[in-house]
Engineer: 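One structure, pasted below without further comment.
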Number of protein chains: 2
Amino acid sequence: MFKKVLIAEDMEDINKGVHTLLTELGVPDIQQVQYCDDAYLKIKRSVLDNDPFELVITDLSFKADHRSQKYPSGEALVEKIKSEFTTLKVIVYSVEDRLQPVRNLFNKHHIHGYVCKSRSGLKNLTKAIHAAYENTTYLSPEVSNAFSSTNNLEIDDYDISLLDNLSNGLSQEEISALYKKHHISPASLSAIEKRLNKLRIQFNANNAIHLVAIVKDLGLI
Amino acid sequence: MFKKVLIAEDMEDINKGVHTLLTELGVPDIQQVQYCDDAYLKIKRSVLDNDPFELVITDLSFKADHRSQKYPSGEALVEKIKSEFTTLKVIVYSVEDRLQPVRNLFNKHHIHGYVCKSRSGLKNLTKAIHAAYENTTYLSPEVSNAFSSTNNLEIDDYDISLLDNLSNGLSQEEISALYKKHHISPASLSAIEKRLNKLRIQFNANNAIHLVAIVKDLGLI
DNA sequence: AAACCCCTTACGGGAATCCGTAAAGGGTTT
DNA sequence: AAACCCTTTACGGATTCCCGTAAGGGGTTT
């Protein structure tokens, strides 16, 4: 089993629950933090001391308080530590059950496990920890269809950018101008229209408003 | 202090944390459920037995599982029990920190307290319980500006309906037709345009897409 | 009754969108 | 080099949205 694990979770009682679980699993060195920034510093420290953490279990949403944070969310933390300490294993433990954020965590940041906080959350977390230890991955049943082929929509970063700009109030013409300025291709109004039309069809949206509402609900933006 | 309290919360560890808190506060009869439907049944039962609960502490989001539920969310539960057992006090304990849902709980359902799950969640919950016992209300500091006069936007149910229909893909003309059919006034396209224009100004939205994106983020729809 | 206010409705023009068709450019195949 | 495919760009018309102005209708005030 893992010898050294870090828990990043801002709610005390859950933090405690996970700690208890790890103890039962026989992890000798368990450390806890309630802020993402503290998590990063502890990990950094452990590497410098040549006694690195083997696993990080982190939440996604950390409530903001008086302390200003460099890494405001679990995702920002995961992105940072995975880019700097690529071998460090990460399991995300969150209430988030929208598929797209989960997909991003696996595809972009290569986490080892995703567990939804729910009635059987700790049970699934156990499975995820074992999977990570065996160097495989684990996906909570609530979001198990995040990678099912049926709804594997082919949405790329360009699409996301388009939808994001739309939802931020830019007109298609303004987006076109922006992309030309930043040399993002395709940038023509016509191409943008075409792409948005494709997205409308994919998501069964009647119009652009509907489309943005749908992808916001899905967590794409 | 209260003599009989019900906790409705689907996550075991949090449920346990609240239970511990109530025990420390000296509540002799504490009951727990993990499903909204069970909560309703327990409350109903207690009234029929002439030994009613004095307080319900409930979460808002309950993860769906195999059991199909009549009341899928905490809000549905609150609406039901507040309409049927008007004297029963309710405190909502949730991670939700968007202002509009909180406003709705107080204005429409007249709950006694709202506490955000956070680092100091249990501490604030204590205050809320005392406030409810004194028959006053408590509002968690994270959402304390839900009723501050500055951002007290005058949004009524008609506005919400409008935005909801928009986000569901109806064109303004379709909404007009719908309202005429259902005898909702004003129903003319022109009046709908005017109202949406007012909303765009209120929310600093560039266009209808932007507007829907903003109000979705705020939790209005 | 006339004047007034407020809300709803109506109309029109300009802008943005939706949607189809077609041309231009780049790269590969034959 | 010609033929081909694929992506990007361009253009035109139909529809919808955006925004100003103005007319209608009910209720209250003078």
Side-chain angles (χ1 to χ4, degrees), chain A residues 107 152-218 220-221, chain B residues 149 152-218 220-221:
Chain A
N107 292 336
N152 193 2
L153 305 166
E154 288 147 8
I155 311 288
D156 59 22
D157 290 348
Y158 182 86
D159 293 316
I160 302 288
S161 157
L162 221 46
L163 293 166
D164 196 42
N165 283 317
L166 255 195
S167 76
N168 286 327
L170 299 192
S171 71
Q172 297 177 191
E173 201 160 355
E174 286 169 328
I175 296 175
S176 167
L178 184 72
Y179 285 4
K180 277 170 183 157
K181 202 172 105 187
H182 292 177
H183 303 101
I184 297 170
S185 172
S188 79
L189 176 61
S190 189
I192 289 172
E193 285 176 348
K194 180 165 292 191
R195 194 66 84 101
L196 285 175
N197 188 42
K198 190 201 73 179
L199 289 170
R200 268 201 305 278
I201 293 168
Q202 265 187 29
F203 290 105
N204 275 318
N206 294 341
N207 52 47
I209 299 174
H210 197 191
L211 176 63
V212 167
I214 290 172
V215 297
K216 273 191 102 66
D217 282 339
L218 289 174
L220 254 82
I221 55 175
Chain B
S149 55
N152 194 2
L153 304 166
E154 289 147 7
I155 310 288
D156 60 20
D157 290 349
Y158 181 86
D159 293 316
I160 303 287
S161 157
L162 221 45
L163 293 166
D164 197 42
N165 283 318
L166 255 195
S167 77
N168 285 328
L170 298 192
S171 72
Q172 297 176 190
E173 198 160 354
E174 286 170 329
I175 296 175
S176 168
L178 184 71
Y179 285 4
K180 278 171 182 157
K181 202 171 105 187
H182 293 317
H183 303 102
I184 298 171
S185 172
S188 79
L189 177 60
S190 190
I192 289 172
E193 285 176 348
K194 181 164 292 192
R195 194 65 85 100
L196 285 176
N197 187 41
K198 191 202 72 179
L199 290 169
R200 267 200 306 277
I201 293 168
Q202 267 188 29
F203 289 105
N204 275 317
N206 294 342
N207 52 47
I209 299 174
H210 197 190
L211 176 63
V212 167
I214 290 172
V215 297
K216 273 193 101 67
D217 282 339
L218 289 174
L220 253 80
I221 56 176

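Just so you know, these numbers come straight off a predicted model, no measurement behind them. Every chain is numbered from 1 and lettered A, B, ... according to where its sequence line falls, protein lines coming before strand lines.
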Engineer: Counting heavy atoms from C-beta on, name the nucleotide in C:dA10, D:dC18, D:dA22 closest to the side chain of B:Ser188.
Structural biologist: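 My answer, after comparing the listed nucleotides, is C:dA10.
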Engineer: When you measure from the side chain of B:Glu193, which nucleotide among C:dT17, D:dC19, D:dT8 comes out closest?
Structural biologist: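 Closest nucleotide to the B:Glu193 side chain: D:dC19.
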Engineer: Taking 4.0 Å as the cut-off, does a side-chain nitrogen or oxygen of A:Asn197 come that near to OP1 or OP2 on C:dC18?
Structural biologist: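 Checking C:dC18 against A:Asn197, no side-chain N or O comes under 4.0 Å of OP1 or OP2.
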Engineer: Can you identify which nucleotide, out of C:dC19, C:dT8, D:dC18, has its nearest atom closest to the A:Arg200 side chain?
Structural biologist: C:dC19
Engineer: If you only use heavy atoms from C-beta on, which nucleotide in D:dC18, C:dT9, C:dA22 is closest to the side chain of B:Asn207?
Structural biologist: D:dC18
Engineer: Please pick, from D:dA22, D:dC18, C:dT17, the nucleotide with the shortest atom-to-atom distance to any side-chain atom of A:Ala208.
Structural biologist: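 Nearest to the side chain of A:Ala208 among the choices is C:dT17.
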Engineer: So for A:Ser190 and D:dA10, does any side-chain atom that can act as donor or acceptor lie under 3.5 Å from a complementary atom in the base?
Structural biologist: yes
Engineer: Applying side-chain hydrogen bond (donor to acceptor under 3.5 Å, both in side chains), can you list everything that pairs with A:Asn107, at least two apart in sequence or on another chain?
Structural biologist: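 Partners of A:Asn107 by the side-chain hydrogen bond (donor to acceptor under 3.5 Å, both in side chains) criterion come out as none, since no residue qualifies.
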Engineer: Given A:Asn165, which partner from the list A:Ile221, A:Leu178, A:Ile160 fulfils the side-chain contact (heavy atoms from CB on, under 4.5 Å) test?
Structural biologist: A:Leu178
Engineer: Measuring from the side chain of B:Ala191 (C-beta onward, heavy atoms only), which nucleotide among C:dC18, C:dT8, D:dT8 has the closest atom?
Structural biologist: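 Out of C:dC18, C:dT8, D:dT8, the nucleotide with an atom closest to B:Ala191's side chain is C:dT8.
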Engineer: Could you provide the dot-bracket string of DNA chain C, using ( ) for intrastrand pairs, [ ] for crossing pairs and | for bases paired to another strand, with Watson-Crick or G-U pairs below 3.5 Å?
Structural biologist: ||||||||||||||||||||||||||||||
Engineer: In terms of the nearest nucleotide of DNA chain C, which residue is placed more toward the 5' end: B:Lys194 or B:Ile209?
Structural biologist: B:Lys194
Engineer: Name the closest nucleotide to the B:Pro186 side chain, picking from C:dA16, D:dT8, C:dT9.
Structural biologist: C:dT9
